Structure formats: structure tokens, C-alpha cells
Amino acid sequence: GTAAALMISTTAAMAEGETVGFAQIGSESGWRAAETTLTKQQAEERGIDLRFSDAQQKQENQIAAIRSFVAQGVDAILLAPVVATGWDSVLEEAQEAEIPVVLLDRQVDSSDDLYLTAVGSDLVHEGEVAGEWLVNAVGDEECRIVELQGTTGSTPAIDRKTGFENAIEGHDNLEIVRSQTGDFTRAQGKEVMESFLQAENGGKDICALYAHNDDMAVGAIQAIKEAGLAPGDDILIVSIDAVPDIFKAMADGEANATVELTPNMAGPAFDALEAYWADGTMPEKFIQTESKLYTQENDPMGEYETRKDLGY
Ligand code: GZL
């Protein structure tokens, strides 16, 4: 009857007008920029007032942003935690203020009592998919691999390394000979790849690059070309994110494989928050997004066209 209808409309209205603080890491990669774009679009569509903070990849800035959101009395906080450790006290402050926290795309070492849910991919699996592709690509050939790691101490850097090493274990012809962080950026990916090339006989001793994200791979591709070698051919390139520019590189034969990470973490996050705000529904502690392998055989230019306007 009318009362029930009124209740439903009131509940729906409750999702309207909520205020959410988003403590974003920064804009270190195309993927990160797309996540921000999609989060703002989702908030707009749902009538959520989004307060945004870019921490320039500094944990202390994220912690300050969370404290500011708590002081403002927001209805929820989104956090993409730049590293896994050091969050207990600020998450306890949010909990004391009864403000739910949802983690996006990375995890924290804190107890899962300190956040409502975490939305992200299986980061170990992503590394395994990347490693399995390379195992299949090289067969029995000797393959000296260099690795560009993500941000030191972040769960993607830790887990993607673990997954890749799981996949190549037992294949003695594959060996990671150099591994260093490029902090998920193109610039540092290029810089570190230049040092790898110099250290490995001008790159002639390198068979493959495994980069924890496409942006570092794109930077490395530039370095490989400047060293006079053919990326995607002399040096195989496998990375993660599936940003538009890696598909353009694949179309040019300069990259070989990427593992897709959806930038739409906010959709599942806001769904969980709206259910929680409506009637206290408690979500699963981990809401997992899917990852899919793309190679040069998967119409890279078509994939580029599909993604190029999504805010990367
Ligand atoms: C992974 C995410 C990573 C992306 C990078 O879940 O945290 O951070 O793979 C980004 O592009 O910098």
C-alpha cells in the first residue's frame, strides 16, 4: 500500500544525497586516471556527493584526507591504499566515527573488521596469467626475464610478483634475472628499463619483460626502441591493466600480452554502500572483479577504440 511505497521511495531517496570521501592514490597511471573518472561518473549517476583527494602516491596524504573526511562527517570513505601497511589507527578513527570504509583495487594488512568491504581483482591470479602466457610463448627456449615491479609495499606489486613466479616455477628455461620497482609510472618504467638494457649486453641478453602495469611497459618499450631493439619481437612484453595504449602497442607489434583489470571498482563499492545505508546489509569482505588475457590475436585496434574514451 501507500505506506510501503512511501518506505521504498524513502529508502531510495536515502541513497540520494549521501556524501562520500574518496582518498585516491594519485594519477600515476592511465588505469588510475580511468578509475577516478569512473568513480566520479558513478557518484554523479547515483546522486552521491563525492569529495575527492589526490594523494600524489603519498600515504601520509591519504591518511590526512581520511582524517579530514571523518571531521566532515561523511557517510562513507573510499580508499585505494597506496601500500598495505600503516592503516590501523586511521581506520580505527573512521570506525569510532561509525563511517564505513570501502577499499578499492588494493588491500591493507589491517584486520578486515576495520573496513566494510574491499573491491578488487585477484592480484596473484593476474601474475599467474601473465606468467602462463610467457611460458607458452617461449616453449623450451632459454628466456632471461627482467621485471618492472609496481610500487614497493603495495599489494599489486607483492601479489603480481608471487603469481608470476608461481607460473614460471618448474620451467628452468625461464629465469627472472633483474627485478626493480618502476612505481607504476611510464617515466620510471623507461628509466629502469634503460638500466636493465645497459646491464644486459645492450638488451641482447634479455628475452622478455614482465611489467606489473601497462604504463611501465609503455615506458620500457620506448627505452627498448631507443636501444635499437624491436619490442614485442627481440624482447617479448607482458603486462597488466589493458589500458588503451598497450593495445595500440600490440597493433604495432610492440607489445604481446596484457591482463585486463577493470577500472570500474566504484560500481560494486557504491552498490554495497547503498545496501548498507538502506538497511545495514553487510557485504562479503572481498568483492572480486574478473581479469582476462588479451594478446595480439584479440583485435588490439578494436580494443583500443573501445577503451580510448573511458577516461584513461
Ligand atoms: C592494481 C592497481 C594498480 C594498477 C596500476 O589493482 O592498484 O595501481 O595496476 C595502478 O596501473 O597504479
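Worth saying up front: this structure is predicted, and the values here are computed from it rather than measured. Heavy-atom basis, side chains included; hydrogens, waters and symmetry copies ignored.
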Exercise. Specify the closest pair of heavy atoms between L197 and A227, including all atoms of both residues, with the distance to one decimal.
Key: CD1-CB, 4.0 Å

Quiz item: Taking only residues at least two apart or on different chains, which pairs with a member in residues 207-216 satisfy salt bridge (Lys or Arg N to Asp or Glu O under 4.0 Å)?
Solution: R186-D215

Quiz prompt | Pair R46 + D271, salt bridge at N-O below 4.0 Å | solution = yes

Quiz item: Closest approach of W87 and S110, non-hydrogen atoms and distance?
Solution: CB-OG, 3.7 Å

Practice problem: Look at the side-chain heavy atoms of Ile, Leu, Val, Met, Phe, Trp and Tyr, link any pair under 4.5 Å apart, and say whether M282 and L103 land in one connected group. | Solution: no

Exercise. Scan side-chain atoms only and decide if D279 and T281 contain a donor-acceptor pair under the 3.5 Å cut-off.
Key: yes

Quiz item: Would V101 and V119 show up in the same hydrophobic cluster when neighbours are defined by side-chain heavy atoms closer than 4.5 Å?
Solution: no

Practice problem: For the pair E194 and K190, find out whether any cationic side-chain nitrogen is under 4.0 Å from an anionic carboxylate oxygen. | Solution: yes

Quiz prompt | Taking every non-hydrogen atom, the tightest pair across N61 and Q56 | solution = ND2-OE1, 4.4 Å

Quiz item: Shared ILVMFWY cluster between V238 and I168, side chains joined below 4.5 angstrom?
Solution: yes

Quiz item: E93 and S89: side-chain donor and acceptor closer than 3.5 Å?
Solution: no

Quiz item: If only atom types and distance count, is the side chain of K285 paired as donor or acceptor with the main-chain N or O of Y115 below 3.5 Å?
Solution: yes

Self-check item: Shortest non-hydrogen contact from V138 toward C143
Solution: CG1-SG, 3.8 Å

Quiz item: What's the shortest heavy-atom distance between D75 and E18, and which atoms?
Solution: CG-OE1, 2.9 Å

Practice problem: Hey, could you give me each pair passing salt bridge (Lys or Arg N to Asp or Glu O under 4.0 Å) that has a residue in residues 109-129? Not counting sequence neighbours. | Solution: E126-R160

Quiz item: If you count the non-hydrogen atoms of other residues, nucleotides and ligands that lie under 6.0 Å from CG in N201, is the total more than 12?
Solution: yes

Practice problem: Over all heavy atoms of both residues, which pair between T37 and G311 is shortest? Give the atoms and the distance, please. | Solution: OG1-O, 3.4 Å

Exercise. Could you go through the side chain to side chain contact (heavy atoms under 4.5 Å, CB included) check for T289 and D105 one step at a time?
Key: CA-CA 9 Å; T289 61; D105 76 79; over 6 Å; no

Quiz prompt | Partner set under ring pair (Phe, Tyr, Trp, His ring centres under 6.0 Å) for F52, not counting sequence neighbours | solution = F22

Quiz item: Does F69 reach the side chain of I99, with side-chain heavy atoms less than 4.5 Å apart?
Solution: no

Exercise. Indicate whether any N or O donor in one side chain lies under 3.5 Å from an N or O acceptor in the other, for E290 and T262.
Key: no

Quiz item: Do you reckon F196 sits in the same ILVMFWY cluster as L236, going by side-chain contacts under 4.5 Å, direct or chained?
Solution: no

Exercise. Indicate, with yes or no, if W31 and L209 share a hydrophobic cluster defined by side-chain heavy-atom contacts under 4.5 Å among Ile, Leu, Val, Met, Phe, Trp and Tyr.
Key: no

Quiz item: Would you call H212 and I240 a side-chain contact if the rule is heavy atoms closer than 4.5 Å?
Solution: no

